Every structure is written in structure tokens, then in C-alpha cells.
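To keep things clear, I will list the structure first and then write my remarks on it.
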There are 2 protein chains.
Amino acid sequence: MANTDTNHGKRATIRGVASAAGVSIATVSRVLNGRPDVAPDTREAVLRAVREQGFSTNRNARALSGGRTGLIGVTIPRVEASYFGVILSGASEALYEQDMRIVLCPTLHQHEREVTLLDRLMRGTTDGAVLMLPEESSAELKALQREFPVVVVDPRVSLDEGIPVVSAAHAAGARAATEHLLSLGHRRIGAITGPPEWIASTDRLDGYRGALAAAGVMPDPALVAASDFRVGPATEAVAAAMLDLPDPPTAIFAFNDNVAVGVMRAARARGLSIPDDLSVVGFDDSELAEIVVPRLTTVRQPLAEMGRMAVSLLMRLLENQRVDALRIELATKLIVRESTAPVAVAR
Amino acid sequence: MANTDTNHGKRATIRGVASAAGVSIATVSRVLNGRPDVAPDTREAVLRAVREQGFSTNRNARALSGGRTGLIGVTIPRVEASYFGVILSGASEALYEQDMRIVLCPTLHQHEREVTLLDRLMRGTTDGAVLMLPEESSAELKALQREFPVVVVDPRVSLDEGIPVVSAAHAAGARAATEHLLSLGHRRIGAITGPPEWIASTDRLDGYRGALAAAGVMPDPALVAASDFRVGPATEAVAAAMLDLPDPPTAIFAFNDNVAVGVMRAARARGLSIPDDLSVVGFDDSELAEIVVPRLTTVRQPLAEMGRMAVSLLMRLLENQRVDALRIELATKLIVRESTAPVAVAR
DNA sequence: CTGTTAGCGCATTCAC
DNA sequence: GTGAATGCGCTAACAG
């Protein structure tokens with residue numbers, strides 16, 4: 001069966017290009033992969049043939065033969081949550097630029113699905129993976145990472161060294177938020193954290209306390225409470241309790257924007273005006289921040305950047321095998337809007 | 001080089017399984033693909049070997065040889081937008097159940113990227129694709145669809161017949177929203193649409209007008225205005241203009257939730273209370289709807305269902321080649337919250 | 001029912 | 001510098 005040089009029927013293959021250019025497929029492969037050992041004219045001829053036939057390499061074949069699949073797995077708890085969506089978006093842009101594509105794996109926060117999915121990803125479909133908020137333990141991740149390039153983004157709990165991870169500078173962000181409040185004259189500054197075992201809680205708490213200490217403000221344990229990170233009655237109740245304190249705070253630093261919304265609702269329910277009676281700072285700079293009235297002062301996490309950084313780290317892992325900085329923290333930024341104001345003079 | 005039966009080094013292959021089970025690789029392939037023509041004991045033996053070796057088929061090899069890749073492309077304008085995220089989430093769930101995976105292609109609303117991405121998807125990486133809001137013309141889509149199974153979700157403009165598409169029942173949803181307002185006694189009901197060339201605008205407008213007509217309410221052209229679908233000053237201005245009419249509406253049907261937020265802001269700026277002075281209905285039931293104060297009455301689109309439906313349509317396309325219902329409209333649902341109330345008696 | 005034989009499209013030694 | 005040959009892991013006709 002002679003192969004037709006003119007691609008009329010099916011997709012162009014390397015063979016067609018080779019014969020059109022009057023060279024062997026090996027040579028075509030070389031120029032396709034940017035090898036240096038090809039004569040300029042030969043390269044030229046091949047490229048022309050490639051162009052004429054609209055050829056592009058079949059990734060499956062390449063994967064089977066060479067190893068690389070050009071696909072990167074991304075596990076994500078929930079696709080519809082824009083928080084993760086933004087990280088994903090950053091990662092996807094970076095990958096697009098590298099001419100690689102994403103295999104999406106929504107885990108729904110279920111450990112079992114993570115395991116299944118990762119297992120599948122490893123079975124030749126994918127060159128590596130970006131993991132968001134995995135429920136895996138450090139041990140599992142470490143074992144995984146031994147046979148499969150992986151980087152974790154925004155881990156929920158503290159991970160062992162040796163596991164590549166990129167996250168936001170929680171402590172620094174929290175410090176900035178607290179300092180902002182302090183600079184407005186607030187001294188009784190409440191903090192509503194997330195789940196105590198999460199990094200996002202502990203690290204931000206460190207920043208909060210650090211800022212207070214640096215300003216010589218005595219921390220009041222009554223002004224620190226935990227909540228989950230969601231909007232809802234639970235969060236509002238926590239906020240309410242704090243506002244009902246005998247000596248209530250004049251400002252509250254909510255450890256994420258959802259919590260901040262809860263605080264605002266609780267305040268409204270008590271007839272407190274924001275920011276006049278109570279200043280509120282959030283964390284994340286989610287879409288909420290612009291929607292809410294008044295618009296929320298908050299700490300922006302570089303979510304998209306984290307996604308980009310994760311893939312660039314992963315890419316280096318795929319090549320060098322050895323990278324110097326395995327753990328990366330990206331700076332946050334305080335976004336001042338309308339929910340914070342100088343503390344009221346008379347109270 | 002004799003292949004080691006015990007898989008100690010690398011990943012198990014079909015060959016290893018075959019020799020372990022004492023059969024040929026062809027037989028293994030058969031049971032792997034659920035072919036009926038295998039003796040029960042043979043099948044049993046093979047399955048045991050598969051289990052013992054922790055074998056699973058290399059998808060690249062299968063793709064190269066057989067055709068199927070087990071991958072479905074999904075183009076999405078912006079991953080971080082939860083509107084699309086929810087559709088994606090539905091699609092991804094359905095795909096997960098089918099043991100297929102998503103190759104994600106964010107297009108950023110750029111036609112050029114869509115073309116590039118689709119081109120790549122077709123080059124053997126993917127078995128078919130789900131397209132969200134493509135900028136492609138009907139002609140392009142039709143050509144595409146000829147050589148590549150594709151279904152469009154939530155098209156922005158009207159598409160030629162023959163192109164498989166799943167969308168929400170815009171008109172019916174709008175009718176329900178308008179009827180709700182009518183049942184509350186409203187007669188002067190404004191409508192703020194999206195871009196006039198979008199289906200979401202025209203179809204919903206039909207529903208709005210239909211409901212009005214059915215109730216014997218004369219439509220007032222002054223009560224219909226267009227906006228883009230985003231939150232922002234432009235939308236607020238449109239709403240403001242309508243509220244400043246000599247004979248303003250007592251209710252406004254915003255064609256999506258973003259616009260509804262704009263209406264609420266414009267109303268607040270005029271000292272109008274919602275829902276006492278003005279009822280507002282949105283469309284989409286986005287996250288906003290629950291956040292906004294008062295919480296928004298709106299028409300819920302079955303976004304996740306649309307995603308699921310799109311893949312199930314696609315699956316059938318991949319098998320039968322012929323499907324009866326190529327165009328599917330999913331029902332919407334009116335969600336009544338706090339932004340609508342009976343029309344004020346005295347005005 | 002089961003084994004044999006060919007490739008799928010490409011990357012990759014090796015020679016030349 | 002370039003070409004011929006070999007195999008990646010699997011599916012798909014064919015035979016038997």
C-alpha cells in the first residue's frame with residue numbers, strides 16, 4: 001500500500017511530510033523537535049512541507065514512543081468555586097503558553113477520588129500534576145512525588161519538606177491587614193479565623209499577632225474566634241458573639257471574605273454601621289468584595305499567579321529533576337476599599 | 001530481552017498480564033474491552049492477573065491503535081467565572097462517571113484561540129468536544145462538526161440546525177419571572193436585556209412580552225432597555241434612566257443577576273427601597289443572588305445539568321452517529337427570595 | 001473461543 | 001548530516 005504524498009484523505013503524518021520534503025522520517029522528527037544537527041536547507045524544506053500539509057505531530061504517538069504526553073493533570077476540589085477557578089485559570093494560561101494542555105480532575109474534596117484520579121493520571125496519560133488542596137497526607141504525597149512530578153498549590157495543612165508547594169504569604173498578608181487597622185487608630189481588633197488546623201488560619205494568626213505585638217497592643221484572647229470559611233449562620237453567630245462582648249472590638253479582621261460577609265451581616269443586624277461603627281477587613285479579594293455594600297477592604301491573594309508559578313515549578317521539575325526552591329510563597333496585597341475607617345473618637 | 005513476568009521495575013503491560021495468565025495478549029485485550037467472546041475461566045484468569053499486577057491500559061497506546069482516547073475537550077471562555085464553572089462541573093461529573101477525562105481549553109473569548117485549540121483537539125488528542133459560548137459562526141461550526149463530534153452549550157447566538165446544542169429554556173424562564181411579577185399586581189414592569197444580538201436577550205424578551213400579552217398588559221417600549229450583562233456603571237446608568245422615567249416601573253426584570261445588582265444599586269442611590277418601592281427579578285441564580293441584600297428573586301438556569309446533558313449527547317454522538325434530538329432545552333426554575341413584593345397600593 | 005500478524009505515528013539508536 | 005531499522009503498548013482483522 002503506497003502512501004499518498006498528497007494529503008487528501010486523512011490527517012497528515014510524519015511520513016507524508018518526509019516524502020514531500022524528500023527526506024526520511026527521522027530527519028523530519030529531528031527538525032520537529034528542534035534538534036541542532038540538521039542542515040539549514042534540509043530544515044527549510046521540511047518546515048515548508050509541514051506547513052503545506054498542515055501537519056502537526058500526533059501527541060498520542062509521541063507519548064507512546066517518546067514518553068512526553070504534553071498533558072498535565074490538575075486536581076481541583078470544585079471547579080465552580082471561583083477561588084479555585086482563578087488558580088486553575090493561571091495554571092491553564094501558563095500551560096497554554098507551553099503548548100501543553102490540562103487534564104482536569106475535580107475531586108469534590110474526596111480523598112478517594114483524589115487517589116483514583118491520581119492513579120489514572122500517572123498511568124501514562126499525563127507528565128505531571130498540579131494538586132489543589134489535596135486531602136492527601138504528607139506521607140502519601142511524598143510517596144507519590146517519588147514516581148510522579150507533582151506540585152501542590154495552596155495546601156490546607158502543613159506539608160513535609162521535599163514536597164514542592166506554592167502558596168500565598170499568609171502571615172505577611174495578615175500583618176498588613178492588621179497594620180492597616182492599627183494605623184487607623186484601632187486597638188481592639190478582633191480576628192475570626194478559619195478551621196484551626198489549616199495553614200490559612202495559623203499563619204494568618206501569626207501575622208495578626210505579630211502586628212499587634214509590634215504596635216505594643218496587648219492581645220485579648222476574647223477577640224480571637226474560629227469559624228469555618230463559609231458564608232452562613234455559623235459564621236454570623238461567631239461574629240455576633242464577638243460584637244456582643246462587654247468590650248467589643250472596633251474592628252474585625254475576618255480571615256476570608258466569606259467570613260467578612262458574615263461579620264457585616266451580624267453588624268447590620270445590630271444596627272452597627274460599617275465602617276463608622278465597625279471596620280472590617282477580609283482576605284482573598286474574591287468577587288464578593290466588590291459586590292458587598294460597603295465594598296470590602298481585603299487582602300488579595302495572587303491566586304492566578306500561584307497557578308502560573310505552580311506550572312513553572314512543575315516544568316522545571318520535569319526537566320532538571322532538581323530544583324533549588326521547592327517551596328514558594330507569593331506576596332499578597334492589601335486592597336483598601338470602603339469597609340475600613342478611622343476608629344470613632346468618642347464611643 | 002525476555003520480559004519479566006513479575007512487575008518489579010516499570011508499569012505492568014498487557015504482555016506481562018498475558019504471560020501471567022497464560023494466554024495471548026489478544027485475549028487480554030478482549031477481556032479488557034469487555035468483549036463477549038471469551039471463555040469464563042479465561043476471563044477470570046486474566047482479570048486475576050490484571051488485579052495482581054495492578055495493570056491498567058495505557059491510554060496513549062490505545063488511542064494510537066484503536067482510535068478512542070478517552071479524552072473530551074471542553075472549551076470554556078473563562079474558567080474563573082463560576083457561571084461557566086458550573087457548566088464545566090456538570091460536564092466533568094458526567095465524564096468522570098464514564099471514566100473519561102476532560103482536556104480543558106480556556107479560550108478567553110478569543111476566536112483565534114478557539115480555532116487553534118479546536119485544531120489541536122482534533123489532532124488525535126481528543127474524541128470529541130463540548131463547546132461553551134463559541135465565537136465561531138454557524139458555518140465554521142458546521143464544517144467542524146462534520147469531521148469531529150461536537151456539542152455546543154449555551155450558544156450566544158442562534159445556530160444552524162444540525163449543530164447539536166443544549167441550552168436553557170430562556171423564554172419559559174422569562175415568562176415565569178414576568179408572571180410572578182404580574183401575580184404580585186405589578187403592571188408597569190421594566191425589562192433590562194443583555195446585548196440585543198444574543199439569544200439570551202431575544203428569547204427572554206419573547207417570554208417577557210408573551211407573559212405581558214397573556215395578561216393583557218400593554219407593553220411600553222420605554223420600559224425595555226439593553227445593557228451588557230456585567231455589573232458596572234454602564235448597567236447602573238441604564239437602570240437609573242428607567243427609574244427616572246416620568247412614569248417609572250414598579251418592578252424590573254433584569255435579564256441576568258449582574259444587571260439585577262446594577263438595578264438594586266441604582267434604586268438605592270435614589271432612595272428606593274427594595275422590594276417595597278421596587279421589585280427586582282434576576283436571571284441565572286448566580287452566587288450573587290444569595291449575597292445581595294435583599295436576597296434576589298431570580299430564575300435559576302440548570303447550568304450543571306446543561307453540562308451533563310451536553311456530554312451525554314456527545315457520548316451518543318460518539319456511538320450512534322445519529323441522534324434524534326440534536327437540540328435540547330432544559331427547563332429553568334423561578335427562585336423566589338426577598339427582592340420581590342406586591343405592588344404598593346398607594347403610590 | 002483463542003492465537004498470529006500487522007500496524008497506529010512517532011522517537012531513537014545505530015550505521016553510513 | 002542523514003537514513004534504515006526497531007519498538008512504545010495496544011487494537012484489530014484474520015486464521016485456526
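First the proteins, then the strands, lettered A, B, ... as listed; each starts at 1. These figures come from a predicted structure and were not determined experimentally.
Closest heavy-atom contact between B/Gly128 and B/Leu314: C-CD2, 4.2 Å. The minimum heavy-atom distance between A/Gln145 and A/Ile163, with the atom names listed, is OE1-CA, 4.3 Å. Considering every non-hydrogen atom in both A/Arg327 and A/Leu159, the closest pair reads NH2-O, 3.2 Å. Contact record, A/Ala94 with A/Val311: CB-CG2, 3.2 Å, taken as the closest heavy-atom pair. When every heavy atom of A/Met100 is checked against every heavy atom of A/Arg59, the shortest pair comes out as CA-NH2, 4.3 Å.
Residues of residues 35-43 of chain B that place a heavy atom closer than 4.0 Å to DNA chain C, in numerical order, are B/Asp37, B/Val38, B/Ala39, B/Thr42.
Nucleic acid contact class of B/Thr27 (heavy atoms, under 4.0 Å, all strands): sugar-phosphate only. Among the protein residues, A/Val28 comes within range of no part of the nucleic acid, since none of its heavy atoms lies under 4.0 Å from any strand. When heavy atoms are screened at a 4.0 angstrom cut-off, A/Ile25 is found touching base atoms of the nucleic acid.
In terms of phosphate contacts, A/Asn33 brings a side-chain nitrogen or oxygen within less than 4.0 Å of OP1 or OP2 of C/dA11. An OP1 or OP2 oxygen of C/dA11 is reached within less than 4.0 angstrom by a side-chain nitrogen or oxygen of A/Ser29.
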Are any protein N/O atoms closer than 3.5 Å to N/O atoms in nucleotides 13-16 of chain C? If there are, list each pair with its distance.
none

Pairs under 3.5 angstrom only: tabulate donor-acceptor contacts from the side chains of residues 21-29 of chain B to other protein residues two or more places apart or in another chain.
unit_1, atom_1, unit_2, atom_2, d
B/Ser24, OG, B/Ala26, N, 3.4
B/Ser24, OG, B/Thr27, N, 3.4
B/Ser24, OG, B/Thr27, OG1, 3.4
B/Ser29, OG, B/Asn33, ND2, 3.4

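Rounded to a whole Å, the CG atom of B/Leu64 is 4 Å from the C1' atom of C/dC8. Rounded to an integer number of Å, the gap from B/Arg62 CZ to C/dG9 P is 18 Å. Spacing between atom CG of B/Asn60 and atom P of C/dA11 amounts to 13 Å, rounded to whole angstrom units.
Here the straight-line distance linking atom CD of A/Glu114 with atom CG of A/Leu108 works out to 10.0 Å at 0.5 Å rounding. With rounding to the nearest 0.5 angstrom, the CD atom of B/Glu80 is 15.0 Å from the OH atom of A/Tyr83.
Exactly one of A/Leu71, A/Ile76, A/Leu88 qualifies for a side chain to side chain contact (heavy atoms under 4.5 Å, CB included) with A/Ile102. That residue is A/Leu88.
If you find the closest nucleotide of DNA chain C to B/Ser24 and to B/Ala61, the one lying nearer the 5' end belongs to B/Ser24.
In this structure a side-chain-to-backbone donor-acceptor pair under 3.5 Å is present from B/Ser138 to B/Asp160. Remark: the backbone N or O of A/Ala331 is not paired with any side-chain donor or acceptor of A/Glu305 at under 3.5 angstrom. Listed for the B/Gln301 side chain is no donor-acceptor partner under 3.5 Å among the backbone atoms of B/Met306.
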- Query: Can you check side-chain contact (heavy atoms from CB on, under 4.5 Å) on A/Val103 and A/Thr125, steps first, answer last?
  - Reply: CA-CA 9 Å; A/Val103 175; A/Thr125 23; 5.8 Å; no

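Pairs passing the side chain to side chain donor-acceptor pair (under 3.5 Å) check and including a residue from residues 63-76 of chain B, sequence neighbours excluded, read B/Thr69-B/Asp127.
Where DNA chain D meets chain A (any atom under 4.0 Å from a heavy atom), the bounding nucleotides read 5' to 3' are D/dG1 to D/dG9.
Between the axis at the start and the axis at the end of the helix from C/dC1-D/dG16 to C/dC16-D/dG1 there is an angle of 30°, using five pairs per end and rounding to 10 degrees.
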